Number of protein chains: 2
Amino acid sequence: MANANTNVANAAQPANVANAAEPAKTANAAHPQGSTPSLQDLVGYALRRAHNRMMGDLAVTLEPTGLRRVLVAMLAVIRAKPGIIQMGLGTELGIQRANLVPLINELTALDLIDRRLAPHDRRALALFLTAKGEAELDRTLALVLAHEERTLARLTASERKQLLGLLDKIAAD
Amino acid sequence: MANANTNVANAAQPANVANAAEPAKTANAAHPQGSTPSLQDLVGYALRRAHNRMMGDLAVTLEPTGLRRVLVAMLAVIRAKPGIIQMGLGTELGIQRANLVPLINELTALDLIDRRLAPHDRRALALFLTAKGEAELDRTLALVLAHEERTLARLTASERKQLLGLLDKIAAD
DNA sequence: GCATAATGTTGTGGAACATAACAATCAAGG
DNA sequence: CCTTGATTGTTATGTTCCACAACATTATGC
């Protein structure tokens, strides 16, 4: 019942909020009629708790690398789409371009990415991983892999695939 | 592929980070051997996207009430455990007691909760919902119910129950 | 009774995010 | 061509959330 992020380093976020567990149309056994929905039955609350747990563990996992979650995500996207411009990266990760600038600066200062002028648009800057960036991302992804294995230890492979599908249905556009 | 929280009001959080989709022991079809794991296959990334989607929608849902997520969660816990002390509330929601103080002050200023001395511990303050707090929580939970129905529209009742179970397995302890 | 722990409180700093404004460039239309 | 408007990157600034440290008051254990 206690939250997961009580001591996971820097990752404690506030808390979820109340959410109703079941749609109104199908009253279930948990709180049949006028009974007040409990936080435990709410998907949103469970989602936040799981999120806190994973992000907290991920933060401590990434600690030795010196990279934060956002930076790793940025590296992964840049590897997947070499030459992506800043605006595109921001859109993909939900980061506004103003806030993206210092993050890009960090990665370039660490010599993990290169920033070159985009071929046909002299406003835009195309982003590429450096050799060091490739290597660093590989090492980091290995850690992240171990992290997922750790936090998802209670789930079978089929359950993980199920979960992935269900979450995607929620996040879908 | 674009993130869900591009325009959902105040809810845009940075982004997830790379996570490996499958445990090392069972190589799957998505990225069989040395292939780099993609963000799309990572449970942690899907979790963050779903989290952003739901929390963003919840924030706009709660806007007309003037209450933030944390405050609603606090009210729900206090209703479930009347007389709970601040420390207990903080532990349950993953909020440090220092940060809890101004939140409690907000709720008392709104006349939604009462703060009385705990019976057998003159340090602690026991928390109770006021009549206004009860009513306000009821009205708010109705909105939250509609919010869950909206964001989980793509999931059947059985899928929602599955999801709840899987998420709880992650957040456990 | 005294040392130690727990509870609430205050103050402070940092990280993440939003917003506004600006220069340079592109794109479209007159 | 050239002017208007949109786009990209950038800087600056404010807000919010959270962590951490320190303190007074009260409980607890020896």
Side-chain angles (χ1 to χ4, degrees), chain A residues 3 5-17 48 51-52 55-56 59-60 62-63 66-71 73-74 83-91 93-108 113 115-127, chain B residues 3 5-17 48 51-52 55-56 59-60 62-63 67-71 73-74 83-108 113 115-127:
Chain A
N3 202 315
N5 62 351
T6 49
N7 50 5
V8 217
N10 66 352
Q13 292 166 346
N16 184 18
V17 73
R48 167 161 283 273
H51 174 269
N52 284 353
M55 295 308 133
V60 300
L62 292 182
E63 226 166 53
L67 296 175
R68 281 161 295 158
R69 301 188 306 243
V70 206
L71 300 179
M74 290 168 62
I84 190 175
I85 68 174
Q86 294 187 192
M87 192 63 194
L89 181 59
T91 301
L93 291 178
I95 308 174
Q96 299 189 336
R97 64 187 196 282
N99 299 324
L100 199 59
V101 176
L103 299 174
I104 301 253
N105 287 339
E106 275 189 76
L107 292 179
T108 51
I113 66 174
R115 193 167 15 187
R116 314 176 203 157
L117 276 171
H120 291 322
D121 190 337
R122 280 184 304 174
R123 297 170 299 178
L125 295 175
L127 306 174
Chain B
N3 203 317
N5 61 351
T6 49
N7 50 5
V8 216
N10 67 352
Q13 292 167 346
N16 184 17
V17 74
R48 167 163 282 275
H51 173 268
N52 285 352
M55 296 308 134
V60 300
L62 293 182
E63 228 165 52
L67 296 176
R68 280 161 297 158
R69 300 188 307 242
V70 206
L71 299 179
M74 290 168 62
I84 190 175
I85 68 174
Q86 295 187 191
M87 192 63 195
L89 180 60
T91 301
E92 183 133 352
L93 291 177
I95 309 173
Q96 297 190 339
R97 64 187 197 280
N99 299 326
L100 200 57
V101 176
L103 299 174
I104 301 251
N105 288 339
E106 276 189 75
L107 292 179
T108 51
I113 66 173
R115 194 166 17 185
R116 314 175 203 156
L117 276 171
H120 292 322
D121 190 336
R122 280 185 302 175
R123 298 171 300 179
L125 295 176
L127 306 174

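Letters A, B, ... mirror the listed sequences (proteins, then strands); counts begin at 1. Predicted model only: the values in this text are computed from it and were never measured.
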Gln86(A) side chain near dT8(D) phosphate (N/O to OP1/OP2, under 4.0 Å): no
Phosphate OP1/OP2 of dA15(C): any Arg69(A) side-chain N/O under 4.0 Å: no
Pairwise side-chain contact, Arg68(A) with Leu103(A), heavy-atom cut-off 4.5 Å (strictly under): yes
When we call it a touch if two heavy atoms are under 4.0 Å apart, what does [X] touch: a base, just sugar-phosphate, or nothing?
| X | answer |
| --- | --- |
| Ala98(A) | base |
| Leu125(B) | sugar-phosphate |
| Ile85(B) | sugar-phosphate |
| Arg97(A) | base |

So, taking the atom named [atom1] in [X] and the one named [atom2] in [Y], what distance separates them when rounded to the nearest 0.5 Å?
| X | Y | atom1 | atom2 | result |
| --- | --- | --- | --- | --- |
| Arg97(A) | Thr91(A) | CZ | OG1 | 9.5 Å |
| Met55(B) | Arg48(A) | CE | CZ | 5.5 Å |
| Ile104(A) | Asn99(A) | CD1 | CG | 12.0 Å |

Take atom [atom1] of [X] and atom [atom2] of [N], then tell me their distance rounded to the nearest Å.
| X | N | atom1 | atom2 | answer |
| --- | --- | --- | --- | --- |
| Arg116(A) | dT8(D) | CZ | C1' | 19 Å |
| Ile84(B) | dG8(C) | CD1 | C1' | 15 Å |
| Asn105(A) | dG9(D) | CG | C1' | 11 Å |
| Arg48(A) | dC17(D) | CZ | P | 11 Å |
| Leu103(A) | dG9(D) | CG | C1' | 14 Å |
| Leu117(B) | dT9(C) | CG | P | 10 Å |
| Ile95(A) | dG9(D) | CD1 | C1' | 15 Å |
| Met74(A) | dA16(C) | CE | P | 12 Å |

Contact nearer the 5' end of DNA chain C, comparing Asn99(A) with Pro102(B): Pro102(B)
From the list [options], which nucleotide is the closest neighbour of the side chain of [X]?
| X | options | result |
| --- | --- | --- |
| Arg122(A) | dC26(C), dG9(D), dA27(D) | dC26(C) |
| Arg123(A) | dA27(D), dT10(D), dT7(D) | dT7(D) |
| Met87(A) | dT26(D), dG9(D), dT9(C) | dG9(D) |

side-chain hydrogen bond (donor to acceptor under 3.5 Å, both in side chains) partners for Arg122(A), two or more places apart: none
